[in-house]
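Inspection log for the structure reproduced underneath, given as structure tokens.
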Amino acid sequence: ARNCLLRQQVLEIFGQRPKMSAGRMRRGSMVLCKTLAPKYGVTAKTIREIWRGLTWTETTLPMWTQEEISERLKEADTGDEDDEDD
């Protein structure tokens, strides 16, 4: 069964994200997703979506880097949402 995350858990998950490079997570981040997911009772995809700011945006926004904010604004202007295959 999947759990409903609490705000504090989302902040913990976001705080454990790997460093971003050119708007992408570094290689090997999938292993960390798969490690964290069972701890919180969610899928690795849920972890990635939190890290990428696709979900829980209002909760994690204060933790975003200036680069992430700029990148998101640029995507919104062009309508170019990064739809990476999982």
Side-chain angles (χ1 to χ4, degrees):
R2 293 185 190 169
N3 289 339
C4 191
L5 291 169
L6 302 174
R7 183 178 186 282
Q8 185 57 40
Q9 292 174 309
V10 171
L11 293 172
E12 288 172 13
I13 291 167
F14 195 79
Q16 296 178 66
R17 70 197 164 121
K19 297 275 189 250
M20 301 287 278
S21 174
R24 300 238 182 239
M25 281 182 246
R26 65 167 208 232
R27 295 180 82 62
S29 63
M30 188 60 182
V31 173
L32 184 54
C33 286
K34 289 181 176 180
T35 301
L36 289 176
K39 177 181 176 184
Y40 293 98
V42 297
T43 65
K45 183 175 189 260
T46 298
I47 302 291
R48 284 193 314 276
E49 288 174 347
I50 292 169
W51 284 350
R52 293 174 63 206
L54 300 176
T55 59
W56 289 89
T57 306
E58 288 183 23
T59 300
T60 60
L61 185 58
M63 298 175 73
W64 290 17
T65 65
Q66 189 58 50
E67 179 185 357
E68 290 167 326
I69 293 168
S70 298
E71 187 68 30
R72 180 53 66 95
L73 291 173
K74 188 168 59 173
E75 287 173 2
D77 285 344
T78 63
D80 184 27
E81 186 68 30
D82 183 22
D83 288 329
E84 190 175 285
D85 289 335
D86 292 324

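Keep in mind that this is a model prediction, so the values were computed, not measured. Heads up: numbering here begins at 1 and tracks the sequence.
Atom OG1 in Thr46 sits 12.0 Å away from atom CG in Leu36 (nearest 0.5 Å). Residue Arg17 holds its CZ atom at 12.0 Å from CD1 of Ile50, rounded to the nearest 0.5 Å. To the nearest 0.5 Å, atoms NZ (Lys34) and CD1 (Ile47) are separated by 13.0 Å.
There is a path of hydrophobic side-chain contacts, each under 4.5 Å, that joins Leu32 to Met63. Note on Leu6: it does not cluster hydrophobically with Phe14, by side-chain heavy-atom contacts below 4.5 Å among ILVMFWY residues.
Considering Gln66, Glu68, Glu67 as possible partners of Ser70, the one that fulfils the side chain to side chain contact (heavy atoms under 4.5 Å, CB included) test is Gln66.
Between Arg7 and Trp56 the shortest heavy-atom distance is CA-CZ3, 4.1 Å. The minimum heavy-atom distance linking Leu11 with Thr59 is given by the pair CD2-O, 3.5 Å. Scanning both residues, Pro38 and Thr35, for their nearest heavy atoms gives CD-O, 3.4 Å. In terms of heavy atoms, Arg72 sits closest to Arg52 at NH2-O, 3.1 Å. Residues Pro18 and Trp51 approach most closely at CD-CZ3, 3.4 Å, considering heavy atoms. Smallest separation of non-hydrogen atoms from Ala44 and Met30: CB-CE, 4.1 Å.
Classification of Lys45 and Glu49 as a salt-bridged pair holds, one side-chain N sitting under 4.0 Å from a carboxylate O.
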